[in-house]
Each structure stands twice: as C-alpha cells, then as structure tokens.
Amino acid sequence: MEMDKLVSLCKRRGFLFQSSEIYGGIQGFWDYGPLGVELKRNIKNAWWHDMVSGHDELTQLPGAPSTYEMTGLDCTIIMHPQVWKVSGHYDLFHDFMVDCRTTKRRYRYDQVRGRWANAKGQRIFVATIVETAAEHEDTQRRAMKFFKLRAKNAEQLEFEDAFLSLTEIENMHDVLGPDAKELGTLTAPREFNLMFKTIIGALAGEEGTAFLRPETAQGIFVNFKNVLDSTRVKLPFGIAQTGKSFRNEITPRNFTFRSREFEQMEIEFFCHPDDSSKWYQYWRDRRMNWYTALGLAAERLILREHAEDELSHYSTGTADIEYAFPFLPAGEYGELEGIAHRGDFDLRSHMEGKLDPNSNPLVLELDEHGKPKHRGSGKDLSYRDDLTGEKYIPHVIEPSAGADRATLAFLCEAYTEDEQPDEKGNMQKRIVMKLHPRIAPIKAAIFPLVKKDGMPELAKKIYANLKQHFNVFYDEKGAVGRRYRRQDEAGTPYCITVDGQSVADNTVTIRDRDTLEQIRVNVEEVLAEIRSRIG
Ligand code: ATP
C-alpha cells in the first residue's frame, strides 16, 4: 500500500487533519477528525478494558506466573520539576542533532542517511532524509546537480551500494547535506533536550520553569505510595495510565508516527524482584497478542529484544513490538510499544535523598557546577509484605505503548483496495478500511432502500434503538451502492438495509463489509446479531 493513498483517505474522510491547517499547519502536530476520534478512543478503550477494567484478578491468565491486580491513575501533564531531574530526563533525554549552516534546517543525527557517490575523481556522501523508493531519485538528482552533470552524462556518476547512516561518516566535510548545494555545511552533532519547557505563574525566568511530561510513567511512580495507601492492592499489581505526552522531536515525520504531542498507554507493573524475569516474559507476550487479536497481521509484527549495548543502564531486558509500516523501507520496522524490565531504578531514585522543604519547589537546586542536584523525595517507597513481613523495593515491568502509533498501524493494516460488482454487475474499484469491529468508528449504518413506503420510518426506529448501544449512522441519501461504498471507506463493518420486504415482514438485511455476505434477520434480532459480531 502506498502511504499517500492512506494519508489522502484520512483527510478526505475525516480520520486525521493537520493541526492548525488553515494557518499552514504546524509540524509534528495532528488533529483527529470525526472518524479518527472514535477510532482512537475505541483503541484506548479496548486497551483500558483488556488491561485494566476487564482484567480478571481471580483467575491465573495463560503464561502469567500468578494472579495479579490492575488499577488506574490519571496524573497531571505538568509535575514538580524535580521529578524530571530524578527520572534522568533533565540530563539524559536528548537526541543528537546536526544543523545545516546554509539552509538553517535541523536534522536528527541518526536519521540522516545516504550513499557515497563518485564522479569526476571526487567521492562525496550524499545525505538524505527521504526513504523508500524516492530516496534513490532524491540522491541521484542532487548528486547530478552537485557534479554539474547532464542527463546524457549520467553514466559518469557511480553510487556505492551501502545506504549508510550519517553517524558512520567520519568527516563532515565530505557530506552534501539533505537540502544543501555545497559540501560540508552540516555542523558537528550536538545534544538537544526533547522536553518542552513552560513557565508556571506570572514570573518569567528560571523560577517558574516546568516541563511538559515526555512520558506518563513518572506520574505512576510518584503516586505509588498513594495507591498502596488508598487501596488494598497487593503485589504483584499494575498501575495503568493513558494520556498526552510531549517531546520536542527534531524531525517529526511519517504522518503521526513521530509527533511532538502524542498519547501514551502505559503500565507500570510492580512485582517481587525474584519473579520479575517471569513477569517480563509474560508482558512481552501478552502485549504482542493484544495487537494481533485486534487485527494486525502477525507477519507484519516483530518482537525485537534489545541487544545488551542498547539497554538502559538499569534495565536487564527490553523488547520492542515493531510493525512493518508502509512508509519504511522493505524489511524495516517501526516501534509500536516498548516493554522494559526497569528493575527498582525508578522507585529507588524517587526515594533516595531529600528535598529541602524550605526551597522553592519550582527551582531546580543547582550544585557547584550549575547542574541540578540529584535528589529524590526522601519518602519511603518500599513495599512491605504483610504475610511474610519482608520489606523491599519492588521491581517494575513497563509495557509502554503509543495510542497514535497503534492507531496509525491499525489504519495502515486496514487499508485495502479491491474490485466488486455494482448493482448492474459492472466491476467497480472499492476502497475498504478493514478495521476490527471492536475499534471501527461506526459499528453499523442503517439505510432505507428508498425514501418512501414506510422504509425511512422503520430504519429510523432501528437507528434510535441501536444508537443507545453503539455508534451507528443513518443515511438515506443517494444510491444504496454508493452508501455502501462510503461506509466501506469509513471502516463500518455492518450495513443494515430496510427494503420493501422489511415493511411487510419486519426483517432487514445485514451486509458484512469484508465478505459482502448478506443475511436477513428479524428487526428484533438486529441488536443481538450486531453485538455478537462485534465481540
Ligand atoms: P522512538 O525510538 O521511536 O523515538 P522511544 O523508544 O523513545 O521511541 P518510548 O520512550 O519507549 O519511545 O515511548 C513509548 C511509546 O510511546 C513508543 O513505543 C511509541 O509508541 C510512543 N511514542 C514515543 N515517542 C513518540 C512520538 N514522538 N510520536 C508518537 N508516539 C511516540
């Protein structure tokens, strides 16, 4: 599937719009339209239901080392600045960037790639941020221009096969930047912190500095004790949270995949250190199965264990669930979710040290080098087992998913083009979004075949009845074939048609979006039929 087709369908049918589009848009920010908001909400609701509210804490689930409890939280986006100092984000949450001195463009160092090109006795590295098939065209065109070659002399230009990362290139003087016309315009890589800063209160300046959270996880850690004290929850248990996170990504791109404002669905699962490896395995598999159960093809998903040198210093294991997004080169995958074994790093960091109660809570206390001091809350965040009396800092397994990336993956997977006969038997191209019924924005559409003979009245009655249970849509405009096609594009799994026979015998047809099979059922059975199919 070509990505352009999906992007245009998303805009045309109201799944996704560029933020502030009438002002030319703002890079890295996206709005969900009328269909998109339902889709994303259904995905978040499915996650919350399957992981939290619908979790059966009395039965041991397949693969789980024991039974466990799940609970939820909803924390603020702006937190005490010390949280980000202690979590490591203040000092370590950065990417390397390079700037182009002539175009003033900024790129993420590890995302610039390219090929060595040879012509006229010179070897240059032609850098690009374009991927897939268009990459070759881009590098070729720019290299030709650089060497001042005409089309008829194209054979004088030779490209080396390897598509390399800029990080592998030693001398920046040999590099033709992604938008540059001359060599050596890119600066050396520099650190760039990804947290958005803001000011609390009326006073500008360091006094009021705060950050928009770059992940929802920290809200869970700092509330760990509150949850223990306010519920009767016992280890092992998980705390879940969904919500907005913000990262000032240097090169937001690939539609919503890398945005600057996005939503996460995170679980921090607390367990005894001795059992943590087993729980890590459990969550890896559980989360992978969640995506396939909602319709992502297993052959487009991989579970990638991080190599030892990729792991954070505190982690003994991290696996990414990755999807073969169509905008990536063949054989490459993009992260949907990370599952990390975080040990006791977070709770221990928030526990150790002590913040001076007289200090201004919004000022990061600096040490003699002008760097904020590493100081936790000084509060005891350990857990005491009532049965054994053992006191310890729990270990944490963190399945951390992105709601927008999941939505994008489900949209990519769903996009299908096929050919179907119309009413006259002529083959017609059809675009159909094969979204799983559980996440489809509209569950069923109700059509009177024609706008007379009592059909609209019956159809509206069915609509009003179903509307109390799910999101359904009423449409009486245009030929019924066109109404079907509009619903196919919206991903609506079922269309209910009221025809002449319906008025006589109180039956309607239900058409299945994917198989195109039509069955006739009694009006009284429609709700149960749709409900059982949605699952
Ligand atoms: P990446 O390597 O792609 O930048 P990450 O490893 O930094 O991602 P995490 O910090 O593990 O990501 O965040 C957990 C999840 O949050 C990711 O798996 C992803 O689904 C989502 N996420 C992270 N950054 C973004 C972003 N800029 N836009 C959309 N979703 C994001």
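First listed ligand is number 1; within each ligand, the first listed atom is number 1.
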Quiz item: Which protein heavy atom lies closest to atom 29 (C) of ligand 1, and at what distance to 0.1 Å?
Solution: Phe257 O, 3.2 Å
Self-check item: Closest to atom 9 (P) of ligand 1 (judged by heavy-atom distance), picking from Met265, Arg247, Glu337
Solution: Arg247
Quiz item: Going by the angle between their ring planes, with limits at 30° and 60°, are Phe196 and Phe246 parallel, tilted or perpendicular?
Solution: perpendicular
Exercise. Look at Lys244 together with Glu261 and state whether they make a salt bridge at an N to O cut-off of under 4.0 Å.
Key: yes
Quiz item: Looking at Arg106, Lys104, Arg105, which hits side chain to side chain donor-acceptor pair (under 3.5 Å) with Asp99?
Solution: Arg106
Practice problem: Compute the shortest N/O to N/O distance between Arg108 and ligand 1 and return yes if it is under 3.5 Å, no if not. | Solution: no
Quiz item: To which protein heavy atom is atom 19 (C) of ligand 1 closest, and what is the distance rounded to 0.1 Å?
Solution: Arg405 NH1, 3.5 Å
Quiz item: To the nearest 0.1 Å, how far is atom 14 (C) of ligand 1 from its closest protein heavy atom, and which atom is that?
Solution: Ser400 OG, 3.0 Å
Self-check item: Top protein contact for atom 18 (O) of ligand 1, by heavy-atom distance
Solution: Glu335 OE2, 2.6 Å
Quiz prompt | Side-chain ion pair, Arg247 and Asp95, N-O less than 4.0 Å | solution = no
Quiz prompt | Shortest protein heavy-atom distance from atom 4 (O) of ligand 1, along with the residue and atom involved | solution = Arg258 NH1, 2.8 Å
Quiz item: Looking only at protein heavy atoms, which one is nearest to atom 16 (O) of ligand 1, and how far off is it?
Solution: Gln264 NE2, 3.2 Å
Self-check item: Contacting atoms of ligand 1, where contact means under 4.0 angstrom from a heavy atom of Gly402
Solution: 20 (O), 21 (C)
Exercise. Sequence neighbours left out, what passes side chain to side chain donor-acceptor pair (under 3.5 Å) with Tyr282? Give chain and number order.
Key: Tyr68, Arg286
Quiz item: Taking the inter-plane angle between the rings of Phe325 and Tyr323 on a 0 to 90° scale, is it parallel (under 30°), tilted (30 to 60°) or perpendicular (over 60°)?
Solution: perpendicular
Quiz item: Leu336 near ligand 1, heavy-atom distance under 4.0 Å?
Solution: yes
Quiz prompt | Polar contact flag for Asp404 and ligand 1 (N/O pairs, less than 3.5 Å) | solution = no
Quiz item: Is there a nitrogen or oxygen of Glu249 sitting under 3.5 Å from a nitrogen or oxygen of ligand 1?
Solution: yes
Exercise. Please determine if Glu215 and Arg342 form a salt bridge, counting it only when a charged side-chain N lies under 4.0 Å from a carboxylate O.
Key: no
Self-check item: Near-ring test Phe224/Phe270, centroid separation under 6.0 angstrom
Solution: yes
Quiz item: Where's the contact between Arg260 and ligand 1, heavy-atom distance under 4.0 Å: side chain, backbone, both or neither?
Solution: neither
Quiz item: Would you say Glu215 contacts ligand 1, with heavy atoms under 4.0 Å as the rule?
Solution: no
Self-check item: Counterpart residues, salt bridge (Lys or Arg N to Asp or Glu O under 4.0 Å), relative to Glu335 (two or more places apart)
Solution: none
Quiz item: Side chains of Tyr392 and Asp344: donor-acceptor distance under 3.5 Å anywhere?
Solution: no
Exercise. Would you mind checking which non-hydrogen protein atom is closest to atom 28 (N) of ligand 1, with the distance to 0.1 Å?
Key: Ser259 N, 3.0 Å
Exercise. List the closest protein heavy-atom neighbour of atom 22 (N) of ligand 1: residue, atom name, distance to the nearest 0.1 Å.
Key: Phe262 CE1, 3.5 Å
